[in-house]
Amino acid sequence: MSDNFIEEIVEADNTSGKWNGRVHTRFPPEPNGYLHVGHAKSIVLNAGLARKYGGKFNLRFDDTNPAKEEQEYVDSIINDVKWLGGDFEGRLFYASDYFGQMYTWAEQLIEKGKAYVCDLNADEMRDYRGTLDKPGRNSPFRDRAPAENLDLFRRMKAGEFAPGAKTLRAKIDMGSGNINLRDPVMYRIIKEHHHRQGDTWCIYPSYDWAHGNEDSLEQITHSICTLEFENHRPLYDWFLNELGVYHPQQIEFAKLQLTYTVLSKRNLLHLVKEKYVRGWDDPRMPTLSGMRRRGYTSEALRAFCDEIGVTKNESVIDVGRLENAVRTHLNATATRKMAVLNPLKVVLTNYPEGQVEQMEVANNPEDPAAGVRSVPFSRELYIERDDFMEEPSKKFFRLGPGREVRLRGAYFVTCTNFIKGADGQVTELHCTYDPASKGGNSPDGRKVKGTMHWVSAPHAVTAEVRLFDRLFAAEFPGKAHEGVEMPFLKDLNAKSLEVVGNAKLEPSLGHVNPGERFQFERLGYFTVDLDARVGAQVFNRTVALKDAWVKEQGAEEAPAAPVAAPKAAKAEKKVEPAAPPAEIEFGDFTKVQLKAGRVLAAEKVEKADKLLKLSVDLGEGTPRTIVSGIAEAFAPEQLVGRNVVVVVNLKPRALKGIESRGMILAAGSGKGLQLINPGDVAPGSDVK
RNA sequence: UGGGGCGUCGUCCAAGGGUAGGACAUCAGACUUUGACUCUGAGUAUCGUGGUUCGAAUCCACGCGCCCCAGCCA
């Protein structure tokens with residue numbers, strides 16, 4: 001069974017005998033940066049094809065440009081490919097090892113009259129190339145005799161000419177609609193030190209010339225690359241045909257794109273060079289080394305790549321899918337531990353002073369074979385500050401005055417008192433425990449809603465915990481800032497790293513090693529960072545657990561009355577008065593999508609008494625422009641900073657020539673108009 | 001003188017003339033010694049308009065939208 005269109009091609013080829021049943025793929029990175037999750041898709045695809053069809057998979061460095069390539073990158077790439085499980089079985093190749101063969105082939109094309117040495121400089125060549133809709137002109141050097149070309153080319157190789165002075169070009173068609181066919185450059189003069197060849201060469205093959213040659217020499221069957229090379233396929237084919245050599249098939253697929261993520265080596269390099277992150281392996285980076293340091297597993301990455309599929313559609317994958325794949329694997333494999341990030345001291349007033357009990361706790365409820373461990377329990381504990389509320393709401397299942405909860409694997413405890421510091425902050429809780437509930441069950445069958453994690457205060461290990469959030473705050477980084485240089489930098493998330501210096505951990509976490517992964521119960525998955533030392537542990541949060549309570553809180557904070565009104569009523573009454581919507585079908589009521597927004601700016605619309613032009617943040621990165629007929633009731637300055645409810649899925653429409661994308665919900669009319677308030681929620685929150 | 005590619009739930013991916021299906025997300029519920037996991041249920045999609053056909057996401061025509069290409073980068 002084929003899983004995607006490429007496998008269909010492979011299976012058809014196997015059926016027809018096109019490659020005699022062989023399947024041979026490759027991953028051909030240029031060593032000019034670290035590998036990222038987009039490369040993972042390609043590696044998993046190529047290596048997976050080889051594995052599935054009993055074929056082979058090569059790792060090959062496409063090192064044809066000494067100006068950009070470094071040994072450091074080669075080393076990291078080899079390491080990352082292996083980590084991901086790309087099994088090249090020792091078939092590690094370098095394009096630079098084929099430079100001799102490629103040179104010989106180039107001379108053949110020259111002798112055939114299919115390539116020529118051109119003296120045009122870069123500017124002139126651009127001029128001669130024409131434009132997208134204008135054909136190019138032949139170079140004045142196009143008709144040099146093969147013998148002259150051969151002589152010139154040999155002298156290029158011998159280093160007689162300055163960089164940029166001459167190129168070797170394929171003689172194809174300056175009139176082609178495909179610009180790649182307008183006599184592309186095969187060799188350019190570069191006088192730089194090559195990471196493997198040293199100063200042996202001063203002419204270097206261009207991608208188009210080199211790549212097919214490399215594939216051919218390695219007897220690749222299916223040469224898989226990304227969509228932007230589709231325009232280059234005619235060239236790939238042309239070179240191999242002219243040479244009359246073994247000719248693999250190039251197949252293109254859509255590269256991976258992720259929301260909230262930047263995946264281009266150029267931009268990632270910028271983040272590293274300008275120190276926006278701590279390095280290529282910063283845990284916030286989408287690099288394989290960054291994700292590994294953060295605690296992502298290669299199994300999760302492979303599962304993710306398998307799940308998202310392979311097509312030619314340029315799709316953007318919700319980064320939540322990646323996080324989900326990580327959670328799924330870690331849930332099944334990670335040892336559970338208890339850790340308190342934001343400690344609040346609890347004293348069990350009826351627990352004997354000085355007593356310590358060892359409580360047995362499961363290492364992984366998902367995997368009974370993981371066994372149990374002992375965790376010390378004593379009179380003074382730490383719990384998570386968030387797990388106590390002075391005035392808890394009904395839906396809060398955790399501790400509050402008079403409330404009883406279970407301490408995981410230990411006892412039921414009831415809060416009897418709390419102590420506040422001078423600043424009004426709660427500093428300590430007094431609780432009583434029920435000795436009969438040891439292990440976490442009460443003999444009388446009484447139930448508690450909440451189970452909480454805890455750490456014995458005198459036994460706790462203090463450690464640093466690094467909480468990572470997405471590096472970018474916008475779904476499509478940079479999209480809202482087109483035109484500026486490096487626009488994605490504008491969307492950097494200022495809160496992408498939070499360092500907790502005073503986390504209290506169960507004692508077993510005091511002696512763990514970098515790379516080990518755990519679930520801190522109720523918090524998320526964590527791994528020991530490379531910076532960790534004995535006595536100074538450092539943990540990275542890989543990914544948080546899903547948290548229904550966070551959502552619940554969001555719902556609670558919103559005022560109930562207006563938003564809880566039936567949707568039909570909203571659609572009937574609370575519409576924008578100045579511009580009533582077109583009649584919609586009854587069934588359309590349920591299609592209305594409401595989100596909370598914050599007004600960033602407001603101004604009057606010229607020649608319109610009732611209209612205001614608003615800029616509303618809906619958590620989408622780019623604020624939306626919404627024209628609303630509420631000028632009679634509100635002055636522009638009254639609106640800035642206010643939270644509003646916006647119908648977000650309306651077709652954009654033009655009001656007084658301004659495109660309005662969405663509608664503000666309001667009730668009443670004229671000066672008595674009231675805006676519907678979504679409460680104090682983040683822009684972009686769903687309103688139901 | 002332009003050339004090449006792509007359009008299916010909110011997001012990804014299936015269905016290749018025969019009941020538009022799955023995953024993620026969302027919502028509702030069950031379970032729970034992790035508000036996790038697991039389980040159950042719900043809603044939402046074939047870019048448009050014509051045509052061919054008993055029957056079209058699929059074939060045809062004409063539109064529309066988006067992406068890539070004018071490096072001596074890959």
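Only this structure's heavy atoms are used, side chains among them; waters, hydrogens and symmetry mates stay out.
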For this session: Report the C-alpha separation of A:Tyr411 and A:Phe377 in whole Å, then their side-chain angles, then the decisive distance to 0.1 Å, and conclude whether the ring pair (Phe, Tyr, Trp, His ring centres under 6.0 Å) test is met.
Result: CA-CA 10 Å; A:Tyr411 292 102; A:Phe377 185 86; 5.2 Å; yes
Distance, rounded to the nearest Å, where [X] contributes [atom1] and [N] contributes [atom2]:
X: A:Arg26; N: B:A74; atom1: CZ; atom2: P; answer: 15 Å
X: A:Asn364; N: B:U34; atom1: CG; atom2: C1'; answer: 11 Å
X: A:Gln519; N: B:U34; atom1: CD; atom2: P; answer: 10 Å
X: A:Glu7; N: B:A14; atom1: CD; atom2: P; answer: 11 Å

Donor-acceptor pair present, [X] side chain and [N] base, under 3.5 Å:
X: A:His232; N: B:A74; answer: yes
X: A:Asp318; N: B:C12; answer: no
X: A:Arg398; N: B:G35; answer: yes
X: A:Asn313; N: B:G7; answer: no

Base, sugar-phosphate or nothing for [X]? Non-hydrogen atoms, less than 4.0 Å.
X: A:Glu366; answer: base
X: A:Leu545; answer: base
X: A:Ile308; answer: sugar-phosphate
X: A:Arg406; answer: base
X: A:Thr328; answer: nothing

Exercise. Of the nucleotides B:A74, B:C12, B:C72, which one has an atom closest to the side chain of A:Arg321?
Worked result: B:C12
Exercise. Picking from B:G5, B:A15, B:C73, which would you name as closest to the side chain of A:Glu8?
Worked result: B:A15
[N]: pairing nucleotide in any strand, Watson-Crick or G-U under 3.5 angstrom:
N: B:C12; answer: B:G22
N: B:A70; answer: none
N: B:U46; answer: none
N: B:G29; answer: B:C39
N: B:U53; answer: none
N: B:C6; answer: B:G65

Exercise. Under 5.5 Å between ring centres and under 30° between planes: does that hold for A:Tyr207 against the base of B:A74?
Worked result: no
Exercise. Looking at A:Arg446, A:Lys447, A:Lys449, which hits side-chain hydrogen bond (donor to acceptor under 3.5 Å, both in side chains) with A:Glu404?
Worked result: A:Arg446
For this session: Flag the pair A:Lys41 / A:Lys255 as yes when at least one side-chain heavy-atom distance between them is below 4.5 Å, and no otherwise.
Result: no
Problem set entry | Student check: side-chain heavy atoms of A:Gln519 and A:Leu330 closer than 4.5 Å | no
Problem set entry | Backbone of A:Val455 reached by a side-chain donor or acceptor of A:Glu506 within 3.5 Å | no
Problem set entry | Donor-acceptor contact present, side-chain A:Arg182 to main-chain A:Arg129, <3.5 Å | yes
